[in-house]
Amino acid sequence: MTHQWIVLAVASLHVLFTAPGRAADIILVSPGAVSSSLGELIPRFEQASGHKVGVTYAPALALADRIGNGDAADVAILGEPAADALQKTGRLVPGSKTVIATVGVGIFVRRGAATPDIATVDAFLRSVAAAKAIAYSDPALGGTAANHVGRLMESLDPTGAIKAKTRLTPPSRPLADFVVAGGADFGLTQITEILADPRLELVGPLPGPMQYYTRYAASLVAGSVRQDAGKALVAFLASPAAAAVMQTKGFEPR
């Protein structure tokens, strides 16, 4: 029933988002955590609107730096704090920011591998202490989840024991590849990225007091010559039908 509702709701977007003017080629920049949702949603938007969308993926904080430095784009999906900051500097169109999804940080293992106990903060700490190696994306590369996990592990590590067993990787696929190859007992990243890879098993979210939620917002980039098409894309990504699809990919209601 839920699947049928999603199909019908997204199909109805043809009426809502069909552009009355000429089709446009939209440049969208987005964090990798949104890629599984966009992979399903963008073709539907293109069919409904007549516009074409080219998507570039990069870690969220790195994307914010690129937009701040003047990189060309029409629509940017960023963490809400970064979007707010770029609105203040004039790099994003004031009033265009729309929160589209929320996601937390999860712990994952290679599918079929032993799963650590993460039910409580104390259980998570024991699992970290017992692990031979843990892995997450290098915070220096600009991921919001990686930066949170890096700060969290530093706060838990007065003796340096956790740092000694920590393995940092490039984001997204390289992190998954590393854990799948046996390089770490478990890894940490955003839940949507875990669910998007069939080789991985989501153990669960970080325990409540340690959790960090990223609220992703879509905004128009100042200077874009495709403002109307960009507005249509932002409206589509903020629609209830798009939210329903995103929730199947691991996002929480915004």
Side-chain angles (χ1 to χ4, degrees), residues 31-34 36-37 59-64 77-85 99-111 113-169 171-172 175-176 178-179 183-197 200-217 243 246-254:
V34 193
S36 60
S37 295
L61 298 179
L63 276 179
I77 298 175
L78 301 166
E80 189 174 25
D84 288 338
V99 174
I100 60 172
T102 300
V103 64
V105 179
I107 294 94
F108 69 94
V109 297
R110 180 183 72 252
R111 185 162 295 281
T115 57
D117 182 1
I118 60 167
T120 64
V121 169
D122 286 343
F124 174 76
L125 293 175
R126 287 193 296 270
S127 292
V128 170
K132 294 180 180 178
I134 64 171
Y136 53 92
S137 298
D138 188 345
L141 299 178
T144 52
N147 273 265
H148 170 69
V149 173
R151 291 190 296 268
L152 173 65
M153 293 303 173
E154 185 176 354
S155 73
L156 298 174
D157 194 25
T159 67
I162 297 176
K163 184 176 182 180
K165 65 175 69 179
T166 297
R167 308 292 182 261
L168 302 179
T169 76
S172 301
L175 172 60
F178 184 78
V179 175
D185 298 65
F186 59 87
L188 300 94
T189 192
Q190 288 181 322
I191 289 171
T192 50
E193 296 195 34
I194 300 169
L195 295 179
D197 192 325
L200 307 181
E201 180 177 346
L202 174 65
V203 181
L206 272 174
M210 296 178 166
Q211 185 57 266
Y212 177 83
Y213 292 98
T214 300
R215 282 164 51 89
Y216 284 116
M246 289 183 172
Q247 286 178 46
T248 69
K249 307 299 184 182
F251 284 106
E252 299 187 17
R254 59 179 184 272

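Quick caveat, the model's predicted, so the values are computed rather than measured. Note: hydrogens, waters and symmetry copies are ignored here, and every other heavy atom, side chains too, is used.
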Next item on the list: Kindly compute the distance separating CD1 (Ile100) from CE (Met246), expressed to the nearest 0.5 Å.
Entry: 4.0 Å
Notebook entry, point to check: Among all residues two or more places apart in sequence or in another chain, which pass the side chain to side chain contact (heavy atoms under 4.5 Å, CB included) test with Ala85?
Noted result: none
Notebook entry, point to check: Excluding sequence neighbours, so at least two apart, what forms side chain to side chain contact (heavy atoms under 4.5 Å, CB included) with Ala133?
Noted result: Arg167, Ala184, Asp185
Check: Going through the distances and angles, do Thr102 and Tyr216 end up as a side chain to side chain contact (heavy atoms under 4.5 Å, CB included)?
Finding: CA-CA 6 Å; Thr102 300; Tyr216 284 116; over 6 Å; no
Next item on the list: Please round to the nearest 0.5 Å and tell me the distance separating atom CD1 of Ile134 and atom CD1 of Ile162.
Entry: 6.0 Å
Note to self: Quick check on side-chain contact (heavy atoms from CB on, under 4.5 Å): which of Leu188, Asp197, Leu195, Val179 does Phe108 satisfy it with?
What the structure shows: Val179
Show me the side-chain donor-acceptor pairs of residues 140-149 shorter than 3.5 Å, one per line, residues at least two apart or across chains.
from	atom 1	to	atom 2	distance (Å)
Thr144	OG1	Gln190	NE2	3.4
Thr144	OG1	Thr214	OG1	3.4
Asn147	ND2	Pro139	O	3.1
Asn147	ND2	Gly143	O	2.7
His148	NE2	Met210	O	2.7

Margin query: Using 0.5 Å steps for rounding, measure from the CD atom of Glu193 to the CG atom of Leu175.
Written below: 8.0 Å
Next item on the list: Kindly write out the residues that satisfy side-chain hydrogen bond (donor to acceptor under 3.5 Å, both in side chains) with Thr166, not counting sequence neighbours, or none if the list is empty.
Entry: none
Checklist line | Closest non-hydrogen atom pair between Gly150 and Tyr136, with its separation | finding: CA-OH, 3.8 Å
Notebook entry, point to check: Atom OG in Ser36, atom CD1 in Ile194: separation rounded to 0.5 Å?
Noted result: 11.5 Å
Next item on the list: Apply side chain to side chain contact (heavy atoms under 4.5 Å, CB included) to Ala64 and list each qualifying residue two or more places apart in sequence or on a separate chain.
Entry: Leu78, Ala82, Leu86
Checklist line | Intermediate values then yes/no, side chain to side chain contact (heavy atoms under 4.5 Å, CB included), Val203 and Phe186 | finding: CA-CA 9 Å; Val203 181; Phe186 59 87; 5.7 Å; no
Item checked: Interatomic spacing from CZ in Arg111 to CG in Leu200 - rounded to 0.5 Å -> 7.5 Å
Item checked: Qualifying residues under side-chain hydrogen bond (donor to acceptor under 3.5 Å, both in side chains), relative to Arg215, sequence neighbours excluded -> Glu80
Checklist line | Nearest atoms (heavy-atom pairs only) where Ala33 meets Phe251 | finding: O-CZ, 3.6 Å
Notebook entry, point to check: Looking only at atom types and distance, does a side-chain atom of Thr192 sit under 3.5 Å from a main-chain N or O of Gly250, one as donor and one as acceptor?
Noted result: no
Notebook entry, point to check: side-chain hydrogen bond (donor to acceptor under 3.5 Å, both in side chains) with Glu252: which residues, sequence neighbours excluded?
Noted result: none
Check: To the nearest 0.5 Å, what is the distance between OG1 (Thr115) and CG (Leu202)?
Finding: 10.5 Å
Check: Taking the side chain as C-beta and beyond, is there a heavy-atom pair between Pro116 and Val109 under 4.5 Å?
Finding: yes
Can you give the donor-acceptor pairs under 3.5 Å from side chains of residues 121-132 to other protein atoms, not counting sequence neighbours?
from	atom 1	to	atom 2	distance (Å)
Ser127	OG	Asp117	N	3.2
Ser127	OG	Asp117	O	2.7
Ser127	OG	Ala123	O	3.2

Item checked: Residues forming a side chain to side chain contact (heavy atoms under 4.5 Å, CB included) with Gln211, sequence neighbours excluded -> Val105, Pro205, Leu206, Tyr213
Note to self: So, using salt bridge (Lys or Arg N to Asp or Glu O under 4.0 Å) as the criterion, who are the partners of Asp157 when residues are at least two apart?
What the structure shows: none
